[in-house]
Every structure is written in C-alpha cells, then in structure tokens.
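First comes the structure, then the notes that go with it.
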Amino acid sequence: MAEQFDAVVVGAGAVGSAAAYELAKRGRRTLLLEQFELGHDRGSSHGESRIIRHSYSSAVYAALAPAAFELWRALERESGARLLTMTGGIDIGPATDPAMQACRGALAQAGVGAVWLEGEAARSYARQFAMPDDWAVLWQSGAGILDAGRCVRTLAAQAIAHGATLTEKARVTAIEPGARTTRVRFAHGGSEAEVDARSVVVAAGPWAGRLFAGLGLRPSLRVTHQQVVYYPAADTALWAAGRCPIYIAHGPGGFYGFPAHERPGFIKVAIELETAIEDPDEPLRELDRQALARLTETVARVFRGVRPEPAEVVTCRYTETPDRDFIIDRHPNHPAIVLASPCSGHGFKFSVLSGKLAGELALSPPGDHDPPLWNKRFGFTRPAEPDDPLALEWRG
C-alpha cells in the first residue's frame with residue numbers, strides 16, 4: 001500500500017517550498033519532492049539576489065507587493081534568517097515611455113507613495129547613469145533585494161520544522177488523479193516509489209508543461225535562457241547598496257540590475273533575452289555572447305563609474321505564460337490538484353505569497369477561491385481581456 005500524505009508538493013523551488021511551508025504550518029502531513037537537490041541551478045530559484053519592489057506597470061501586482069513584503073518579514077522573524085535588504089528602487093527611462101507612465105499610475109492606484117523626478121532633479125538623483133535630458137526617475141522606498149538561495153533554503157527548512165518531509169533526487173514520473181486521493185509516482189534511489197495524497201501542488205518551473213500535459217492540459221508555456229552579468233565598479237562608493245537603489249530602465253535598450261551587494265566591488269546587470277529552450281532536461285546553455293556584447297555596450301554608454309569588463313556570467317531559466325501572469329489554480333477537472341507555475345520571469349518576489357495561495361487552494365473545497373489575495377488573472381482559464389497586461393513590464 002502506498003504511503004499516505006495529506007499533501008504532496010512537486011518542485012522545491014521558491015513557490016514549491018513556500019507551498020510546503022504553508023501546508024505544514026497548517027498541520028498537514030506534507031511531502032516535498034525535488035528532482036535535483038535543493039538550490040540547484042537548472043531553474044530560476046537559485047542565486048544570491050532578486051529584486052523585490054512595489055513598482056509595477058500592473059496595478060494588480062503593485063497591490064500584492066505589500067502582502068509579499070510582510071510574508072517575507074514574517075519568515076525572517078520566525079526563522080531568524082536575514083532574507084531582505086532594503087535599498088529603495090528606481091524606474092528610469094523616457095518620461096513619456098508607456099511603461100514608465102504605467103508604473104507611475106499603478107503605484108498611485110495601489111496607494112503606494114512614490115516620487116517622480118524629471119530634468120536636472122532626475123539626473124542629480126540617479127548619478128549612476130548618464131541619462132538623456134528627456135529621461136525621468138520614478139523613485140519609491142519600498143524596494144530591495146531578496147537573497148534568493150537563502151529564501152528557498154529557509155522556506156524548506158521551516159516547512160521541515162513544521163513537520164514536512166523533503167525528498168531530493170526524486171523525479172516525478174506520473175500524477176494519477178483518483179476518486180479520493182491522487183497517486184504520485186517518482187523515481188528515487190534507483191527505484192520507483194509511489195505515494196497517495198489528498199491534494200497535490202505542482203510547482204515544477206521549466207518542467208511544468210510536461211507535468212501539465214500528463215494531466216491532460218496543454219497551456220502555452222515558454223522556457224527561455226536568461227543570463228546576468230557582473231561588472232566591476234570603479235567608483236565603489238557610488239554603487240554601494242546604501243547609496244545606489246535597485247534599478248529598472250525602460251524603453252529601447254532597457255536593463256535592470258543591482259548595486260554592489262553580492263560580491264564586494266561588483267554590480268549585477270541583466271537584459272531580457274528571448275532564447276527559447278525546447279527541452280528543460282538539456283544541459284544549461286553556454287552564454288549568449290551577442291547578448292553579452294549588447295549589455296556591455298550599454299554599460300559602457302550609460303553606466304558611470306563602472307568598468308565595462310564582464311567578470312562573470314550566470315545563467316538561469318524562466319518559464320512564462322503568453323500574458324506573463326502567474327498560474328495559481330486548481331486543475332479544471334481534478335480540483336485536488338493545484339497548479340502553481342510558472343512565475344513568468346517576475347515572480348520570485350511574490351513566491352512566498354504564491355506558495356501560500358497554492359497551499360490555501362489545496363486546503364479549500366472545490367470551487368472555493370476565497371483566499372483574499374487570489375486574483376482571476378491567476379486562473380488556468382484567463383479573463384478574455386486582462387485589465388492591465390504586463391506586456392510592458394521588465395522582469396526582475
């Protein structure tokens with residue numbers, strides 16, 4: 001007879017670990033399965049820094065940010081781990097750029113304070129960048145840096161502390177819905193294993209499409225290669241975390257990045273890439289040298305006090321929906337199965353909240369979408385026309 005659990009979570013990245021934490025904290029006997037090792041670099045939950053911010057072109061996500069901040073702070077208090085470093089944040093770009101105006105409007109709609117600067121005031125504040133005269137700065141204090149790897153380790157550790165079981169190197173081969181329970185089959189230790197659960201949360205990142213297909217669903221998901229680059233700061237005081245905020249540049253040639261935080265004397269910068277990955281099991285790609293050259297040219301032209309000499313390139317993978325909204329919903333035919341993937345390249349900051357929502361859906365009756373922060377845009381079946389699509393939104 002298969003071992004019985006209240007809940008099985010497939011995938012121990014940020015969202016899966018957060019879901020396991022939520023379920024275990026609520027007293028459910030929970031199994032967290034990870035096909036590699038906790039903190040592996042094949043998905044999008046590894047590394048040392050992710051942007052967290054209130055500023056969004058979407059009022060839906062801007063309004064969710066305060067709850068995400070509070071959940072990260074609560075996790076810090078419970079665990080004693082330092083996960084979040086506040087730096088403030090800026091959006092920069094042409095003052096008339098649609099994304100800049102959308103971010104400004106979304107913050108106002110969400111009731112989040114911000115400061116809009118133009119002309120000399122903008123250039124004086126954002127001294128790290130050689131900004132054209134028509135660029136503006138949108139500043140707000142509610143932004144900073146999450147230590148991504150530490151966040152995932154802490155979520156998993158707290159799930160375990162509340163009674164969850166983590167099994168690494170356990171590759172799920174089948175999810176089989178039943179009348180009363182769902183059977184999860186997985187390869188582990190050279191043999192096949194199986195467990196039964198009252199609910200299952202699928203948070204599999206780049207492998208979500210494969211597992212969804214096994215459940216009769218074929219959403220349009222795209223996995224892309226991404227890379228971030230570290231450059232040496234010649235003016236270390238200018239780029240120090242206490243002086244330089246996180247930054248997102250909109251418009252043609254846009255980029256996003258961090259002050260000198262992870263590695264003393266080095267900043268981290270990235271641009272959005274469109275390189276599709278057909279098979280998530282294929283080895284990690286070599287760096288995209290053309291994209292690296294474009295970014296380095298931007299650093300040389302726009303960044304002050306930074307040497308345009310790439311010191312290190314780190315790769316990862318994003319899994320996205322066409323509208324770049326999240327999927328956090330029950331299977332339309334098997335409500336005991338909750339789909340909690342992908343994050344569409346901008347979801348790490350919300351992962352503690354996304355996992356909580358997935359856990360709440362797994363615990364609530366079919367047809368019940370009462371979690372107060374759940375939004376219809378996270379449904380497997382989307383509204384015909386989203387209120388404010390994320391087409392203009394930079395990842396980060």
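Quantities reported herein were computed from a predicted structural model and do not represent experimental measurements.
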Closest contact, heavy atoms only, [X] versus [Y]:
{"X": "R42", "Y": "P280", "result": "NH2-O, 3.4 Å"}
{"X": "Q101", "Y": "A95", "result": "NE2-O, 2.6 Å"}
{"X": "A291", "Y": "I271", "result": "O-CD1, 3.8 Å"}
{"X": "L117", "Y": "A122", "result": "O-CB, 3.5 Å"}
{"X": "R377", "Y": "V60", "result": "NH1-CG2, 3.8 Å"}
{"X": "A260", "Y": "I267", "result": "N-CG2, 3.8 Å"}

With rounding to the nearest 0.5 angstrom, report the [atom1] to [atom2] distance, [X] to [Y].
{"X": "S45", "Y": "R153", "atom1": "OG", "atom2": "CZ", "result": "12.0 Å"}
{"X": "L273", "Y": "R294", "atom1": "CG", "atom2": "CZ", "result": "6.5 Å"}
{"X": "S57", "Y": "H346", "atom1": "OG", "atom2": "NE2", "result": "9.0 Å"}
{"X": "T181", "Y": "E176", "atom1": "OG1", "atom2": "CD", "result": "10.5 Å"}
{"X": "L33", "Y": "H188", "atom1": "CG", "atom2": "NE2", "result": "9.0 Å"}
{"X": "R198", "Y": "L363", "atom1": "CZ", "atom2": "CG", "result": "9.0 Å"}

- Message: Please determine whether side chain to side chain contact (heavy atoms under 4.5 Å, CB included) holds for the pair F129 and I90, giving the CA-CA distance in whole Å, both sets of side-chain angles, and the decisive distance to 0.1 Å.
- Response: CA-CA 12 Å; F129 305 100; I90 56 173; 4.1 Å; yes

- Atom CZ of R289: over 12 foreign heavy atoms under 6.0 Å: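 Counting other residues, nucleotides and ligands, CZ of R289 stays at 12 neighbours or fewer.
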
- Item | Enclosure of E278 CD (heavy-atom neighbours >12, cutoff 6.0 Å) |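 For E278, atom CD is not crowded (no more than 12 foreign heavy atoms under 6.0 Å).
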
- Output all residues satisfying salt bridge (charged side-chain N to carboxylate O under 4.0 Å, His left out) with R123, sequence neighbours left out; order by chain, then residue number.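 For R123 the salt bridge (charged side-chain N to carboxylate O under 4.0 Å, His left out) partners, ignoring immediate neighbours, are E120, D133.
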
- Quick one: hydrophobic cluster around F36, which other residues, with the 4.5 Å side-chain cut-off, linked directly or via members?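 Members alongside F36: W207.
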
- Message: If we ignore hydrogens and angles and just use 3.5 Å, is the side chain of W72 paired with the main-chain N or O of K349 as donor and acceptor?
- Response: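 Side chain of W72 to backbone of K349: a pair is present.
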
- Message: Whether the side chain of H331 engages the backbone of N333 through a donor-acceptor N/O pair (distance < 3.5 Å, no angle test) should be reported.
- Response: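 Yes, H331 side chain to N333 backbone: donor-acceptor pair under 3.5 Å.
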
- Would you mind reporting whether Q226 and S44 have side-chain heavy atoms less than 4.5 Å apart?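 No; the side chains remain at least 4.5 Å from each other.
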
- Check: S124/R127 side-chain N/O donor and acceptor closer than 3.5 Å: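 Yes.
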
- For S79 and R150, run side-chain hydrogen bond (donor to acceptor under 3.5 Å, both in side chains): C-alpha distance rounded to whole Å, both residues' side-chain angles, the deciding distance at 0.1 Å, then the answer. CA-CA 11 Å; S79 65; R150 188 179 297 168; over 6 Å; no

Identify every side-chain donor-acceptor pair in residues 208-220 under 3.5 Å, counting partners at least two apart or on other chains, and give the distances.
unit_1	atom_1	unit_2	atom_2	d
R210	NH1	D281	OD2	2.7
R210	NH2	D279	OD1	3.2
R210	NH2	D281	OD2	3.2

Hey, can you pull the donor-acceptor pairs under 3.5 Å for the side chains in residues 10-26, sequence neighbours left out?
unit_1	atom_1	unit_2	atom_2	d
S17	OG	A12	O	3.1
S17	OG	G13	O	2.9
Y21	OH	E78	OE1	2.7
E22	OE2	R26	NE	2.5
E22	OE2	R26	NH2	3.1
R26	NH2	E360	OE2	3.3

- Message: Please report whether the ring centroid of Y61 lies less than 6.0 Å from that of Y56.
- Response: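 Yes, the ring centres sit under 6.0 Å apart.
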
- Item | Mutual orientation of the aromatic rings belonging to Y247 and F303 [parallel < 30°, tilted 30-60°, perpendicular > 60°] |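 Rings of Y247 and F303: perpendicular, over 60°.
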
- Parallel under 30°, tilted from 30 to 60°, perpendicular over 60°: which one fits the rings of F378 and F326?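 Rings of F378 and F326: parallel, as their planes differ by under 30°.
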
Could you list the donor-acceptor pairs under 3.5 angstrom formed by side chains in residues 233-245, with sequence neighbours left out?
unit_1	atom_1	unit_2	atom_2	d
D235	OD1	A237	N	3.4
D235	OD1	L238	N	3.1
W239	NE1	R304	O	2.7

Does a side-chain N-to-carboxylate-O contact under 4.0 Å join [X] and [Y]?
{"X": "R382", "Y": "D323", "result": "yes"}
{"X": "E312", "Y": "R263", "result": "yes"}
{"X": "R82", "Y": "E76", "result": "no"}
{"X": "R285", "Y": "E282", "result": "yes"}

- Looking at L38, I160, V9, V8, which hits side-chain contact (heavy atoms from CB on, under 4.5 Å) with L32?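 That would be V9.
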
- Item | Verdict with supporting geometry, V269 and V229, side chain to side chain contact (heavy atoms under 4.5 Å, CB included) | CA-CA 5 Å; V269 193; V229 186; 5.6 Å; no

- List the steps and the verdict of salt bridge (Lys or Arg N to Asp or Glu O under 4.0 Å) for E70 and R73. CA-CA 5 Å; E70 177 50 37; R73 289 299 194 196; over 6 Å; no

- Query: Got a sec, which residues hit side-chain hydrogen bond (donor to acceptor under 3.5 Å, both in side chains) with R28, two or more places apart in sequence or on another chain?
  - Reply: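 If we apply the side-chain hydrogen bond (donor to acceptor under 3.5 Å, both in side chains) test to R28, skipping adjacent residues, there are no hits.
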
- Any chance you could lay out the side chain to side chain contact (heavy atoms under 4.5 Å, CB included) test for Y230 and K268, step after step, and finish with the verdict? CA-CA 5 Å; Y230 294 84; K268 183 169 91 169; 3.2 Å; yes

